There are 2 protein chains.
Amino acid sequence: MKQSKYDALKLENQLCFPLYACSREIVKRYKPFLDEIGLTYTQYIAMMVMWERKSVNVKELGECLYLDSGTLTPLLKKLESKGYVTRMRSDKDERNLVVAITEDGEKLKDKAVEIPYQIAGCTNLTPEEGVQLYGILYKILGKTP
Amino acid sequence: MKQSKYDALKLENQLCFPLYACSREIVKRYKPFLDEIGLTYTQYIAMMVMWERKSVNVKELGECLYLDSGTLTPLLKKLESKGYVTRMRSDKDERNLVVAITEDGEKLKDKAVEIPYQIAGCTNLTPEEGVQLYGILYKILGKTP
DNA sequence: TATAATTAAATTGTGCACAATTTAATTTAA
DNA sequence: TTAAATTAAATTGTGCACAATTTAATTATA
C-alpha cells in the first residue's frame, strides 16, 4: 500500500464526509413520505417537538433541534401560515415568542404517525447497528467542543 | 414507563435526527480551521477529490460527493474564481465539463494537510467507535433505497 | 441518415443553515 | 433609579442542497 503524508486528506479517510452524505441521504428518503403531509424535514422535526411539548418558545425549540432563530423564524412563519402553530409574544417576558400547536397541528400527528414505520423499511441496519449508531451520534453531540 | 402509539414520533426515538444534527455540528467544528484557508466545508471536500484525481468532470465529482450539478456548478465557479481549479468543456464530448486542479490548488493542499489532525482533537470517540461509525455510515450509503 | 431518446451541465426557484448585526425587552449594577 | 449589560427574536447576507426544467451535445433507432 502506497503511503503519503497527504493520506489524511483523502475522502475515504474522512469520518465527517459519510456523516454529511448520510444525513442528506436519509433526509432524501423521508421526502416522498413527508411530501404526502406537506412538510419539509426540518418542519417535521419541529412539529415533533410541538407534538410533545404543545408550547415552547423559540429558544427552547432551538435547543431541542440545535437550530437558531435565523433558521427557525422563517420556518415557524411557514408552519403558522399552514395553520399548524400559532406565534405570540409572551406576556411575562415580551422578548420570548411562544409557539403553540393548533388543533390542525394536532390532527397532523395522526397522519405523521405512519412515517417512522414507512422509513424503517428504507434502512438496512440491524437493530444492534441502530443502537450503536444512536449511541455514538449522541456521544458526539454531547461533547462541548 | 408511559407508552403511547405516538412514541415513534418522539424526537428522542429518531435515528435520523442525531445524524442530521451531528453532521451540522461537525461541519461547524471544521469552520474555524477551514476559515484559515478560505474554504467552506463543501468546497473542502470538493478539493479533496481534486487533490486526489487532478481532473474530473462534474458528473464524476457529483458521484464522489453525492451532489448534483445544481450544487456543484456554482461551487466550482467559486473555486475557479479563487484560482484553485479550471473549468473547460471536454474536446471529446462537449457535454462534459472538465474540472482540473491548478498549481495554486495544489499548493493549498500543503495548508490543508494540518486540518485532519486539528479536527481529531475536537472529537471524543474511541478509535473503535470511529471504525464502527464509519462502517455503519457506509452501510447506509451503500444501500440503494 | 433524419429523428427520437438520452445524457451532461446549467438554470430556476424554494428552503434551509448560520454568522453577524439589529431591535427591543429585561436584568444587573453603579 | 437610571445607565450598562444581557437576553431573545428578527433581520441580513452568503452558501449550500435539491427538485424541476432548460439547453446543448451525443447516441440510438426507425
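Because only heavy atoms are used, hydrogens play no part in the values below, and waters and symmetry mates are left out as well, while side chains stay in. This is a predicted model, so every value here is computed, not measured. Just so it is clear: chains get the letters A, B, ... in the order the sequence lines come, proteins before strands, and each one is counted from 1.
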- Message: For B/Leu79 versus B/Ala46, what's the shortest heavy-atom pair and its separation?
- Response: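 Minimum heavy-atom separation between B/Leu79 and B/Ala46: CD1-CB, 4.1 Å.
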- When the nearest nucleotide of DNA chain D is assigned to A/Lys59 and to B/Ser90 on a heavy-atom basis, which residue is associated with the more 5' position?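 Its nearest nucleotide lies further toward 5', so the answer is A/Lys59.
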- Query: If you pin A/Lys92 and B/Lys77 to their nearest nucleotides in DNA chain C, which one's is more 5'?
  - Reply: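 Counting from the 5' end, the first nearest nucleotide belongs to B/Lys77.
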Nearest whole angstrom, please: distance from the [atom2] of [N] to the [atom1] of [X].
{"X": "B/Asp91", "N": "C/dA8", "atom1": "CG", "atom2": "P", "result": "18 Å"}
{"X": "A/Leu72", "N": "D/dA10", "atom1": "CG", "atom2": "P", "result": "9 Å"}
{"X": "B/Glu60", "N": "C/dT7", "atom1": "CD", "atom2": "P", "result": "16 Å"}
{"X": "B/Leu76", "N": "C/dA8", "atom1": "CG", "atom2": "C1'", "result": "13 Å"}

- Would the number of heavy atoms belonging to other residues, nucleotides or ligands and lying under 6.0 Å from NZ of A/Lys111 be above 12?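 No, the 6.0 Å shell around NZ holds no more than 12 heavy atoms from other groups.
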- Query: Counting only heavy atoms not in B/Asp91, do more than 12 sit closer than 6.0 Å to its CG atom?
  - Reply: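 No - once you tally the heavy atoms of other residues, nucleotides and ligands closer than 6.0 Å, there are 12 at most.
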- Message: Whether A/Asn57 contacts D/dA8 is assessed here as follows: a side-chain N or O lying under 4.0 Å from the phosphate OP1 or OP2. Is that the case?
- Response: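 Looking at the OP1 and OP2 atoms of D/dA8, neither is under 4.0 Å from any side-chain N or O of A/Asn57.
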- Query: Under 4.0 Å between a side-chain N or O of B/Arg89 and OP1 or OP2 of D/dT26?
  - Reply: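 The answer is no; no side-chain N or O of B/Arg89 sits under 4.0 Å from OP1 or OP2.
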- Query: Taking only residues two or more places apart in sequence, or in another chain, which ones meet A/Tyr30 in a ring pair (Phe, Tyr, Trp, His ring centres under 6.0 Å)?
  - Reply: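 A/Tyr30 satisfies ring pair (Phe, Tyr, Trp, His ring centres under 6.0 Å) with A/Tyr41, A/Tyr44 once adjacent residues are dropped.
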- Message: I'd like to know if the side chain of B/Arg29 and the backbone of B/Ile119 have a donor-acceptor N/O pair within less than 3.5 Å.
- Response: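 It does not hold such a pair.
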- Query: Across all strands, who's sitting opposite C/dA30 as a Watson-Crick or G-U wobble pair, both distances under 3.5 Å?
  - Reply: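 Partner of C/dA30: D/dT1.
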- Item | Inter-residue atom distance A/Leu34.CG - A/Gln118.CD, 0.5 Å rounding |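 Answer rounded to 0.5 Å: 9.5 Å.
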- Message: Please encode protein proximity along nucleotides 12-25 of chain C as a string of B, S and -, counting only heavy-atom distances under 4.0 Å.
- Response: ---SSBBS-----B
